[in-house]
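Down below is the structure, laid out as structure tokens.
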Amino acid sequence: MAEHYSLSTPLLSAPPSDHQPHLVINVQDLDLDRTESRVLQSPSARIHKQQNGESNKNPPNPFEFIGAHEDFELPSYSTIDPFRNHTLNIAGVYEWVKIVICLPIALVRLALFGLCLAVGFTATKLALHGWKDKENPMPKWRCRLMWVTRICARLILFSFGYHWIKRRGKPAPREIAPIVVSNHVSYIEPIFFFYELFPTIVSSESHDSMPFVGTIIRAMQVIYVDRFSRSSRKHAVNEIKRKASCNRFPRLLLFPEGTTTNGRLLISFQLGAFIPGYPVQPVIVRYPHVHFDQSWGHITVAKLMFRMFTQFHNFMEVEYLPLVSPHENRKENAIHFSQRTSSVMASALNVVQTSHSYGDFMLFSKASELNQEKPSQFMVEMAWVDSMFHIKALEAVDFLETFLSMNPDPSGQVEFHNFLRVLRLKPCSLSEKIFGFIDVEKIGKITFKQYLLGSAHILKQPLFKQACELAFTECDIDGKNCILKQELRDAVTLAVPNMSEDEISGLHSLFDVDGDGRISKYDFLSCLKRHPLLIALFSPGYGTKVCP
């Protein structure tokens, strides 16, 4: 199982239930603090002194006023890439010779694939024709017609080089195990299970519009889900429970990892299969290989299909494991149920389970889209991040976009001056302390994981929202529910004095989300949610002392 990390951050103690948290502001003596601030040095000088033991090990914390502390621990950097295909490129004389030999065979296989797809699609259209009652099970005569498509699915596997498939165990009766869960390595498993079990599946709404595929999954009485919509996820769970409880529906097949991996580990499980509380039958799929990794991973569909067509034979093993049932003698939540199931599957596969999730694949894709040399180094094990900070995948992607705009070096680290450039800050004691807050290793550079978790640590403090509301109120001097450039200048002067006109304009444009020349309350709160580190600009207790 993946290692469970925990923050050692001492959070604020819980307030009494009948009182709201209060923001306590300590106003410092201006002259004394400005005198102290003159002796502060540049980040590089401070780092040099820290390395030689000359600097204070606990510099003032610019976020202490909202309850955040600097001594939180970050998990160590993981070099595991659960999505990496290990044979992205054709290498070796044997592989090239094999491809040349198999090219004529590949053309025949491609023709067989196209023919089976066309026949299966036609049979599916006939089975669906005139069927409007999608809430009830498909009539038996329509299901029998779908056997044509199922046979075509097996022939498609044959065309991909899966001439025989090794099976161990057997599917449990639908009445005993209405839900089947499997690891997910390639697009091959859905085709295999369609032929083998003809189950109902849970699928992304985007798959409905895919040519051929959308029609076939509709015949499987698919349960659509938008993974980013809470209401959609709730509806999907209700549908899983409804269809699992009725033996007239096919059994349900779910891939709880939520995306494909390279099969060398398991990533975190989503809970949809386990919330209804029905027994599940785990299934594990392996693709033994020597020369060609059949996992989907970081490879295009066209390239993967070509490699499959030009193999003499592709190996696939399917093993049906014993049922896993929720404990009846005590109430078991879905998290514990999923953990027991994933432990059984990981043990059978002889792999570990990490805290990666589909969110990490989104981070990888965004980094690839923005032309990063090593996009895998921006994955952070999003399941752990979500559980600790309640940061969702889309929010993490927003943070990654900001971080990548800071121009990280090939090692994925950002330097102080690029950090300031994107956050529209000038070099001063406050900006050094903000940077130092997330530079936990004190090397003068930060990684995306440090930036994300440091920002998330601030964002999820109990007093953060109240601090943002108070900051807007203090800036909105004339009470017109918007902040003009001069009002912003007045608000941040104590924190960052002597800002130039260009610096103020840059900071104002960062907060002016809609670009109308004024910072509305929505603009202000949205900017601080996207850049929570900037809340330090509005801390009167620290703003009067940190900058020269």
Side-chain angles (χ1 to χ4, degrees), residues 1-3 75-92 94-95 99 160-161 182-190 255-270 284-308 310-311 314-317 342 345-346 348-386 393 396-397 400 403-404 408-413 447-449 452:
M1 294 293 292
E3 180 180 359
S76 59
Y77 177 73
S78 173
T79 58
I80 296 175
D81 181 355
F83 311 110
R84 179 189 173 195
N85 182 294
H86 288 266
T87 53
L88 278 172
N89 300 312
I90 303 171
Y94 172 78
E95 280 296 291
I99 288 174
F160 283 137
S182 172
N183 61 318
H184 199 6
V185 180
S186 181
Y187 56 75
I188 296 299
E189 301 102 56
F255 299 105
E257 292 172 290
T259 187
T260 56
T261 71
N262 57 20
R264 300 184 179 215
L265 44 74
L266 288 179
I267 63 175
S268 62
F269 277 15
Q270 298 177 3
I284 56 174
V285 181
R286 304 182 186 91
Y287 295 90
H289 67 276
V290 176
H291 300 285
F292 168 54
D293 181 357
Q294 300 155 59
S295 65
W296 201 338
H298 306 153
I299 187 170
T300 64
V301 175
K303 186 173 183 179
L304 189 59
M305 289 178 63
F306 174 77
R307 294 299 303 275
M308 287 180 175
T310 53
Q311 294 289 111
N314 289 308
F315 292 91
M316 180 181 183
E317 297 177 357
S342 65
M345 295 174 66
L349 285 166
N350 194 28
V351 300
V352 299
Q353 185 175 28
T354 71
S355 294
H356 292 89
S357 72
Y358 180 73
D360 290 285
F361 186 76
M362 292 177 61
L363 293 173
F364 174 90
S365 299
K366 176 57 67 173
S368 298
E369 178 186 324
L370 297 178
N371 302 316
Q372 293 302 302
E373 185 177 342
K374 298 178 181 178
S376 61
Q377 65 190 353
F378 299 103
M379 294 188 291
V380 295
E381 298 194 65
M382 271 303 302
W384 178 82
V385 173
D386 188 6
V397 170
L400 179 60
F403 184 82
L404 295 181
D409 61 25
S411 66
Q413 295 179 315
T447 65
F448 172 62
K449 179 176 283 189
L452 174 65

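Position 1 is the first residue of the sequence; numbering continues from there. Computed from a predicted model, the values in this text were never measured in an experiment.
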Over all heavy atoms of both residues, which pair between Gly359 and Ala393 is shortest? Give the atoms and the distance, please.
-> CA-CB, 3.7 Å
Would you say Val385 and Met382 make side-chain contact, with heavy atoms under 4.5 Å?
-> yes
Between OG1 of Thr261 and NE2 of His184, what distance do you get to the nearest 0.5 Å?
-> 9.0 Å
Distance col, row Met316:CE vs Phe160:CZ, nearest 0.5 angstrom, shows 12.0 Å
About how many Å separate OG of Ser365 and CG of Leu370, when rounded to the nearest 0.5 Å?
-> 11.0 Å
Is Gln294 close to Ile188 at the side-chain level, that is, under 4.5 Å between some pair of heavy atoms?
-> no
For the side chain to side chain contact (heavy atoms under 4.5 Å, CB included) test, which of Leu265, Ile267, Leu266 pairs with Gln353?
-> Leu266
Can you tell me how far OG of Ser355 sits from CE of Met379, rounded to the nearest 0.5 angstrom?
-> 13.0 Å
Greater than 12 external heavy atoms within 6.0 Å of Lys374's NZ = no
Note: Thr87 and Arg307 closest approach over all heavy atoms is O-NH1, 3.6 Å
Side chain Asp360, main chain Ser357, donor-acceptor under 3.5 Å = yes
Heavy-atom closest pair, residues Phe378 and Ala367 | CD1-CB, 3.7 Å
Mind checking whether His356 and Phe364 have side chains closer than 4.5 Å, heavy atoms only?
-> no
What are the two closest non-hydrogen atoms of Val351 and Gly263, and how far apart are they?
-> CG1-O, 4.3 Å
In residues 284-293, what donor-acceptor pairs under 3.5 Å come from side-chain atoms, sequence neighbours left out?
{"unit_1": "Arg286", "atom_1": "NH1", "unit_2": "Glu319", "atom_2": "OE1", "d": "3.3"}
{"unit_1": "Arg286", "atom_1": "NH2", "unit_2": "Glu319", "atom_2": "OE1", "d": "3.1"}
{"unit_1": "Arg286", "atom_1": "NH2", "unit_2": "Ala348", "atom_2": "O", "d": "3.0"}
{"unit_1": "Tyr287", "atom_1": "OH", "unit_2": "Glu189", "atom_2": "OE2", "d": "2.5"}
{"unit_1": "His289", "atom_1": "ND1", "unit_2": "Tyr287", "atom_2": "O", "d": "3.0"}
{"unit_1": "Asp293", "atom_1": "OD1", "unit_2": "Ser295", "atom_2": "N", "d": "3.0"}
{"unit_1": "Asp293", "atom_1": "OD1", "unit_2": "Ser295", "atom_2": "OG", "d": "3.0"}
{"unit_1": "Asp293", "atom_1": "OD2", "unit_2": "His86", "atom_2": "N", "d": "2.9"}
{"unit_1": "Asp293", "atom_1": "OD2", "unit_2": "Ser295", "atom_2": "OG", "d": "3.2"}

Neighbour count above 12 (heavy atom, 6.0 Å) for Phe361 CZ | no
Drop me the distance from Leu363's CG to Gln377's CD, to the nearest 0.5 angstrom.
-> 12.5 Å
Quick one: CD1 on Ile90 to CD1 on Ile99, what's the gap to the nearest 0.5 Å?
-> 3.5 Å
Should the ring pair Tyr187 and Trp296 be called parallel, tilted or perpendicular, given that the plane angle runs from 0 to 90° and is split at 30 and 60?
-> perpendicular
Shortest non-hydrogen contact between Ser186 and Thr260, atoms and distance = N-CG2, 4.1 Å
Which atom pair, heavy atoms only, marks the closest approach of Asn262 to Phe83?
-> ND2-N, 4.2 Å
